[in-house]
Amino acid sequence: MSGVMSGVILVTGGASGIGLAIARRFAAAGEKLVLADLNDHAGEAAAKELSADYRHLDVADETSVESTVSAIESDIGPIAVLINSAGLLQNKATIGEFPLDEHDRIWAVNYRGSYLMCRAIAPRMAGRDGGAILNIASINSFTPLPLPAYTPTKAAIESLTRLLAAEFGPGGVRVNAVAPGFTLTPAMQSRIDSGDRDPKGMEALSTLGRLVKPEEVAEAGYFLCSEAAAAITGVNLAVDCGYMAAISYNSYPS
Ligand code: NAI
């Protein structure tokens with residue numbers, strides 16, 4: 001089976017969670033995939049499962065980003081779709097107690113990582129047939145949660161998505177985001193296991209009464225990158241089991 005997209009699909013954070021689910025969705029459509037991650041062991045296993053290529057990548061490091069992107073384009077082919085799923089979660093904290101080095105690392109990976117990847121790839125896409133970029137935002141893009149580094153990175157990613165959609169639209173590059181709600185990925189599961197997240201509490205906050213599955217985020221992300229969404233750019237699509245609708249509705253004072 002061969003896909004319909006004219007080039008390589010690059011998925012950062014493709015070794016796990018939402019990135020891996022998105023990679024599986026593109027693989028099911030027969031697309032040519034490259035997974036890139038810091039975690040080589042998991043990344044190589046995922047690439048083997050999907051008959052994909054794998055590259056070591058630190059999205060927070062400019063040299064790693066530039067050399068990895070150049071190598072993929074010269075060894076495998078032009079990148080038609082970029083999925084920016086490499087990211088770090090955070091546990092609840094106040095600004096006073098949250099260590100500054102952790103704050104800086106979350107910004108370096110979540111925001112700067114997405115920025116560096118777009119900076120390396122969007123101009124290449126615009127210089128040929130265009131392309132599609134998907135950023136992974138969050139319900140944190142829309143409303144402040146007590147995650148003093150994570151929340152602002154996701155608001156910034158939504159802003160970056162719109163900014164880049166405007167800058168690169170004339171070059172045929174569409175830039176969109178998905179905003180997952182609480183999603184049961186390995187990163188989330190390990191926080192549930194350690195007692196840092198309460199699954200019942202998270203389920204109760206969404207109107208559908210459950211967590212989001214990574215495959216459900218993947219389906220929305222695939223749509224936004226596909227020709228079916230050819231007129232859509234600059235959006236941040238919530239995939240949140242109705243969290244955003246329920247949170248204000250349920251807090252209305254009687
Ligand atoms: P995950 O931990 O399962 O997957 C993240 C992947 O990114 C891992 O394979 C990790 O090795 C990789 N990674 C981390 N730092 C990296 C770096 N510097 N360079 C390259 N790869 C790196 O986490 P999950 O939950 O799948 O998160 C993926 C994205 O989805 C993140 O941006 C996260 O903020 C976002 N998201 C997750 C939600 C959730 O509830 N799980 C909700 C909303 C957004």
Side-chain angles (χ1 to χ4, degrees), residues 10-24 34-47 54-65 67-69 82-92 102 104-117 120 134-143 145 147 149-158 160-161 177-193 196-199 201-203 205-206 210-218 220-221 236-241 243-244:
L10 173 60
V11 185
T12 76
S16 179
I18 289 170
L20 178 54
I22 293 175
R24 286 189 175 125
V34 179
L35 312 185
D37 207 286
L38 266 186
N39 183 340
D40 296 334
H41 182 69
E44 278 161 8
Y54 174 75
R55 298 293 164 116
H56 178 84
L57 170 71
D58 181 355
V59 295
D61 181 84
E62 183 187 353
T63 306
S64 175
V65 167
S67 63
T68 304
V69 168
L82 165 65
I83 311 290
N84 278 318
S85 194
L88 301 173
L89 301 189
Q90 190 201 325
N91 292 331
K92 185 176 176 182
E102 278 186 55
D104 293 351
R105 182 65 188 158
I106 288 172
W107 269 97
V109 176
N110 290 10
Y111 181 75
R112 189 168 191 268
S114 300
Y115 183 94
L116 287 177
M117 293 303 300
L134 182 76
N135 293 320
I136 312 299
S138 167
I139 49 176
N140 285 265
S141 304
F142 308 126
T143 193
L145 303 181
L147 310 169
Y150 187 86
T151 297
T153 65
K154 295 300 184 178
I157 283 174
E158 179 180 307
L160 179 70
T161 299
V178 282
F182 302 113
T183 307
L184 196 54
T185 63
M188 181 60 82
Q189 185 65 56
S190 71
R191 283 168 167 74
I192 292 171
D193 294 344
D196 289 311
R197 295 289 178 96
D198 168 21
M202 292 188 289
E203 286 164 10
L205 289 172
S206 74
R210 65 173 177 86
L211 303 184
V212 179
K213 298 174 191 158
E215 309 84 69
E216 293 169 325
V217 181
N236 185 12
L237 177 61
V239 185
D240 65 350
C241 288
Y243 172 90
M244 288 308 301

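Just so you know, these numbers use all the heavy atoms, side chains as well, and skip hydrogens, waters and symmetry mates. Numbering of ligands and ligand atoms starts at 1, following listing order. Note that the numbering runs from 1 along the sequence shown for the chain.
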Mind listing the N or O contacts between ligand 1 and protein, cut-off under 3.5 Å?
from: ligand 1; atom 1: 3 (O); to: S16; atom 2: OG; distance (Å): 2.7
from: ligand 1; atom 1: 9 (O); to: D37; atom 2: OD1; distance (Å): 3.3
from: ligand 1; atom 1: 9 (O); to: D37; atom 2: OD2; distance (Å): 2.8
from: ligand 1; atom 1: 11 (O); to: D37; atom 2: OD1; distance (Å): 2.6
from: ligand 1; atom 1: 18 (N); to: D58; atom 2: OD1; distance (Å): 2.9
from: ligand 1; atom 1: 19 (N); to: L57; atom 2: O; distance (Å): 3.3
from: ligand 1; atom 1: 19 (N); to: V59; atom 2: N; distance (Å): 3.1
from: ligand 1; atom 1: 21 (N); to: L38; atom 2: N; distance (Å): 3.4
from: ligand 1; atom 1: 25 (O); to: T185; atom 2: OG1; distance (Å): 2.7
from: ligand 1; atom 1: 26 (O); to: I18; atom 2: N; distance (Å): 2.9
from: ligand 1; atom 1: 32 (O); to: K154; atom 2: NZ; distance (Å): 3.0
from: ligand 1; atom 1: 34 (O); to: Y150; atom 2: OH; distance (Å): 2.6
from: ligand 1; atom 1: 34 (O); to: K154; atom 2: NZ; distance (Å): 3.0
from: ligand 1; atom 1: 36 (N); to: Y150; atom 2: OH; distance (Å): 3.4
from: ligand 1; atom 1: 40 (O); to: T183; atom 2: N; distance (Å): 2.8
from: ligand 1; atom 1: 40 (O); to: T183; atom 2: O; distance (Å): 3.4
from: ligand 1; atom 1: 41 (N); to: T183; atom 2: O; distance (Å): 3.2
from: ligand 1; atom 1: 41 (N); to: T185; atom 2: OG1; distance (Å): 3.3

TODO: Taking side-chain contact (heavy atoms from CB on, under 4.5 Å) as the test, write out the residues that go with D240, two or more places apart.
DONE: I139, A238, Y243, M244

Open item on the list: Checking the side chain of R112 only, and the main-chain atoms of A60 only, is there a donor and an acceptor separated by less than 3.5 Å?
Closed with: yes

- [ ] Taking atom OH of Y115 as the centre, report whether more than 12 heavy atoms of other residues, nucleotides or ligands fall under 6.0 Å from it.
- [x] no

Task: Sidechain-backbone polar pair: K154 side chain, A179 backbone, donor-acceptor under 3.5 Å - done: no

Open item on the list: Using the salt bridge (charged side-chain N to carboxylate O under 4.0 Å, His left out) criterion, which residues pair with E44? Sequence neighbours excluded.
Closed with: none

Task: With sequence neighbours excluded, residues passing salt bridge (charged side-chain N to carboxylate O under 4.0 Å, His left out) with R24 - done: E49

